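Accompanying notes for the structure given below.
Since we're looking at a predicted model, the values are computed, not measured. Values reported hereafter were calculated over all heavy atoms of this structure, with side chains retained and with hydrogens, waters and symmetry mates removed.
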Amino acid sequence: MCGIVGYVGPKKVVPVIIEGLRRLEYRGYDSAGIAVGSPSCSILEVRRAPGKLKNLEEVLREHPLDGTYGIGHTRWATHGRPTEENAHPHRDCTGRIVVVHNGIVENYLELKRELIAQGHKFVTETDTEVIAHLIEEVQKEAEAAGQPIALEVAVRRAVKRLTGAFALGVLSALEPDKIVVARFGPPVIIGVGEGEYFVASDVPGILNHTRNIYFLADGDMAILTLAGVKLTDFDGNPIERNLTHIQWDPIQAEKGGYKHFMLKEIWEQPRAIRDTTMGRVSLDSGQIFLGEMKIADEELAAATSLSIAACGTSWHAALTGKYMIERLARLPVDVDYASEYRYRSPIAGPHMLGLLITQSGETADTLAAQREMKALGSKTVAICNVVDAMVAREAHGSIYTHAGPEIGVASTKAFTAQLTALFLLALKLGQLRGHLDQAQSVVLIEELSRIPAKIEEVLRSRTAQCEQLAKDFSTARDFLYLGRGIHFPIALEGALKLKEISYIHAEGYPAGEMKHGPNALIDETLPVVVLATRDESDPASKLRYEKTLSNIQEVTARSGRVIAVATEGDTTIGGLVEQVIHVPPATELLSPLIEIVPLQLLAYYIAVRRGCDVDQPRNLAKSVTVE
C-alpha cells in the first residue's frame, strides 16, 4: 500500500525521493509528502499534498526545498481522510522531529490521550502523529532527568510502547544527516551506495541508485548516517544482516523479481488481506470499525434485505459474501450480475440495502446498477479497491480493499481482499442485528487474523505441486470445477481464472447438480477439480464434505480425472482421487480465501506452459468502463 523513500548523501535530496516515490506508485496511495533537512536548519521543512505525486510536485515548484537528507511518503488513508494535514510526514510539537509510517498503531487512542494530558497538541486525525509526539516526549523526559539521548535511543524506547504493525522512518533537525528506521510487520529495506544511503518500502524505489540491499526483519532497526549504516535490534544490540545484491532490471523490479505480475499478485495476497483488515477490527472487543461507512448503525440494522450487484470475479466474491452475510447476520441476500440488474425490473426501496462490488470503481455496468438502486430509494455501499472512485463517490458508504494496484488482468489479490471486506461487513451486520455476541465475534476475528499465515503456508508448500500438475494437465481441452455451498462460487472463480489466461474451456458447477446433466461430459480426458475441504468443528461442513465425496465417486466411476483440494490431515480422500492438494484447516466461512490460492496457481502455471500472455490475455481489459 503506502510507499517510503529516504536518502542521506551528497545528491540533491528532493529529486531522489520524488523519483523513488514515483517508482512505488504501483502500491497505491491517495496523498504524498516529503520532509527535508540540512545541518544549517533548526527545523525540518515539510511539503504535503492530497492526491497524486504531481500535486506534491506542484507544491514543491511553488515552495522549493533543498537539503542533504530527507524522507518521503505516499499514503493510502486508513486513519483520517486523504487530506493535506493527514498526509505524511508527521511532526512533533517542536517541528524538529518528523515520522513516516506504514502500518497501524492499534493503541494510538490510549497513547494520544496520555500525550494530550502531558501537553502535546495534535493537528491530524491519524494514528501516525502519535509516534512523533511519543518520541518527543521520550527525549523530553530524558533531558529533564539530565540524561539526553540520541534519536535512535528515543525511537527504541518509543516503539516498545506501540501495539500494531509499523515500518518507520524518523528524522530530527537536531541530528542532521541521520535517518532512524524500525520495522515490525510491513516491509522496509536499506540501500547502500557509494557514500550515500537509502531507505525504502520496496526495492523499485531505490534500484536506480543501488543494487546492494539490506532486508530488515521484524524487530530490526537501522541508523543511516553519512558514515554508513548501523543495524541493531530494539534493545540496541548490534545485529548482522546479509547485504543482498539485486540482479533485477527496473522492469523486473516492478514485478518484484517475479516472472509475471499475476504471480507477484498471487503472492501478495497475505499482505492484501492484512491491509484490508488493518484498523478495522479489535481482537479485544470484537468490534468492527468501518470508517468510510456513512450509513448510521441504526439504518444498517433496520435493513430487511441486501442486494449485491457485481461483474466477473467480483460477482463470485458477491456469491461467497451471500453465504457469509446470511449465516452471520441472518439477512436475506440477492446477488445479481450488474449488467442484468436494470433489466429485470428490480424490487428495491428504503428498507433494502444495495451493495456494489468492483475492483476499479469505474465499471459501467456496476455504476448503472448502483444508480438504479438509488433511484428506487435504496442506500448503497461500495466495496472498491480505488479510493474516491466513482462508485465510492456515489455510495452512502464504502469499504476500501487495500490490495494495492492489480496489474494482471486476471484478478487474484483483489478477489481475496473483496472476500475479506465482505466478511468484515458480515460481522458488522451480525453484531448490529444481534446475531453475534462479543465472544463469537472475537473468535471469528481471530480466525480471520490467521488466514494470511495459512495462505503463506499454501504458497510455500503447494506452488511446486501446482507447477507439476500444470505439466500433466496443460493439454486438456476442457476442465470442470465442482463445489458445494460457499465453495461453489470458488469453483466458478477457479474456472474463470483458467479460461481467462490459458484459453482452456472451463466450467464451474454445484457438485450436487452433477446428476442433472454434467455427468454426460465425464470421460477419461476430462480433469475435474473438486473443492472438498471440511471444518471439523462445523456439523454442516462435515455433512457437505460427505456429500462431496459421493460426487467424487460419481466422477471416478466414469473414469474422470479428479484433482481434489482437501484439508490437511484428510486421509480418506487420497484413495478416491488421482491428485490431492492439501490446504490448512479453516473455519467454513473463511476457507474460500485459502482454497482459491491453489486454483490460481494451477491456472497460472497451465497458462505459462501453454505460452499464453498471462498478464494481458487476449480480448480482455482490466477495467470495463463501457456497457
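- Considering only heavy atoms from C-beta on, Phe215 comes within 4.5 Å of Val203 through its side chain.
- Remark: the Thr380 side chain and the Glu394 side chain contain no N/O donor-acceptor pair separated by less than 3.5 Å.
- Across every non-hydrogen atom of Met352 and Ser305, the tightest pair is CG-OG, 3.3 Å.
- Contact detail for Val614 and Ala607: the closest heavy-atom pair is CG2-CB, 4.0 Å.
- Using a distance-only test at 3.5 Å, with no hydrogens or angles considered, no donor-acceptor pair links the side chain of Ser339 to the main chain of Asp365.
- Between the side chains of Thr313 and Ser411, no donor-acceptor pair of N or O atoms lies under 3.5 Å.
- Remark: side-chain polar atoms of Ser378 are not paired, donor with acceptor, to backbone N or O of Leu353 under 3.5 angstrom.
- Applying the 6.0 Å contact sphere to CZ of Arg330 captures no more than 12 heavy atoms from other residues, nucleotides or ligands.
- The OH atom of Tyr605 lies 12.0 Å from the CD atom of Gln468; values are rounded to the nearest 0.5 Å.
- Ion pairing between Asp538 and Arg327 holds under the 4.0 Å rule for side-chain N and carboxylate O.
- Under a 3.5 Å cut-off, the side chain of Glu326 and the backbone N or O of Val333 do form a donor-acceptor pair.
- Taking a cutoff of 4.0 Å between a charged side-chain nitrogen and a carboxylate oxygen, Glu457 and Lys454 do not qualify as a salt bridge.
- Atom CE of Met390 is separated from atom OG1 of Thr363 by 12.0 Å, given to the nearest 0.5 angstrom.
- By the 30° and 60° cut-offs, the orientation of the rings of His260 relative to Tyr604 is perpendicular.
- Side-chain N or O atoms of Thr420 include none that pairs as donor or acceptor with a backbone N or O of Ile273 at under 3.5 Å.
- The backbone N or O of Ala403 sits less than 3.5 Å from a side-chain atom of Asn385, completing a donor-acceptor pair.
- Put simply, OG on Ser441 and CG on Leu328 are 8.5 Å apart, with the number rounded to the nearest 0.5 Å.
- In this structure, CD in Glu595 is found 11.0 Å from CD1 in Ile581, a value given to the nearest 0.5 Å.
- Listed here is the closest heavy atom pair of Ile573 and Ala566: CG2-CB, 3.8 Å.
- Of the possible polar contacts, one joining the Thr304 side chain to the His351 backbone as a donor-acceptor pair under 3.5 Å is found.
- Tyr341 and Ser307 get closest at one heavy-atom pair: CE1-OG, 3.7 Å.
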Task: Derivation of the side-chain contact (heavy atoms from CB on, under 4.5 Å) call for Arg274 and Ile451 - done: CA-CA 9 Å; Arg274 287 187 181 105; Ile451 293 298; over 6 Å; no

TODO: Show the numbers, then the answer: is there a side-chain contact (heavy atoms from CB on, under 4.5 Å) between Leu424 and Lys428?
DONE: CA-CA 6 Å; Leu424 295 175; Lys428 181 73 171 180; over 6 Å; no

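- Checking side-chain atoms of Asn551 against main-chain N and O of Ala511 turns up a donor-acceptor pair under 3.5 Å.
- Around CZ of Arg477, the count of heavy atoms belonging to other residues, nucleotides or ligands within 6.0 Å does not exceed 12.
- Asp570 and His582 get closest at one heavy-atom pair: O-NE2, 3.5 Å.
- Arg610 forms no cation-pi arrangement with Tyr503, by the criterion of a distance under 6.0 Å to the ring centre and an angle within 45° of the ring axis.
- When the options Ile504, Leu469, Leu602, Ile606 are evaluated for a side chain to side chain contact (heavy atoms under 4.5 Å, CB included) with Ser474, the one that passes is Ile606.
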Open item on the list: Using the rule given for salt bridge (Lys or Arg N to Asp or Glu O under 4.0 Å), can you reason through Glu268 versus Lys264, listing the C-alpha separation, both sets of side-chain angles and the distance that settles it, and then say yes or no?
Closed with: CA-CA 6 Å; Glu268 286 178 333; Lys264 175 177 181 282; 2.5 Å; yes

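- Between the side chain of Thr276 and the main chain of His402, a donor-acceptor pair closer than 3.5 Å is present.
- Here Glu372 does not pair with Arg342 in a salt bridge; the nearest charged N to carboxylate O distance is not below 4.0 Å.
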Task: side-chain contact (heavy atoms from CB on, under 4.5 Å) between Val562 and Glu578, intermediate numbers included - done: CA-CA 6 Å; Val562 176; Glu578 183 174 336; 5.6 Å; no

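- Listed for the Thr416 side chain is no donor-acceptor partner under 3.5 Å among the backbone atoms of Leu593.
- You'll find the side chain of Leu601 reaches within 4.5 Å of the side chain of Leu459, heavy atoms only.
- Taking the charged nitrogens against the carboxylate oxygens, Arg558 and Glu554 have no contact shorter than 4.0 Å, which rules out a salt bridge.
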- [ ] Could you check Glu292 against Arg280 for salt bridge (Lys or Arg N to Asp or Glu O under 4.0 Å), going step by step and ending with a plain yes or no?
- [x] CA-CA 11 Å; Glu292 300 94 358; Arg280 290 173 168 158; 3.5 Å; yes

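- Across Gly508 and Ala495, no two heavy atoms sit closer than the pair N-CB, 3.6 Å.
- Remark: of the listed residues Leu531, Ile596, Ile594, Ile594 is the sole one forming a side chain to side chain contact (heavy atoms under 4.5 Å, CB included) with Val583.
- At a threshold of 4.0 Å, the pair Arg561-Asp472 does not count as salt-bridged, since none of the basic side-chain nitrogens sits closer than that to a carboxylate oxygen.
- With rounding to the nearest 0.5 Å, the separation of CG in Leu300 from CG in Leu425 is 7.5 Å.
- Taking 4.0 Å as the cut-off between side-chain N and carboxylate O, Lys259 and Glu467 do not count as a salt-bridged pair.
- From Leu599, atom CG reaches atom OH of Tyr481 across 6.0 Å, with rounding to the nearest 0.5 Å.
- Remark: Lys413 does not engage Glu406 in a salt bridge, criterion side-chain N to carboxylate O under 4.0 Å.
- The main-chain N or O of Pro204 is never found under 3.5 Å from a side-chain atom of Asp202 such that the two would form a donor-acceptor pair.
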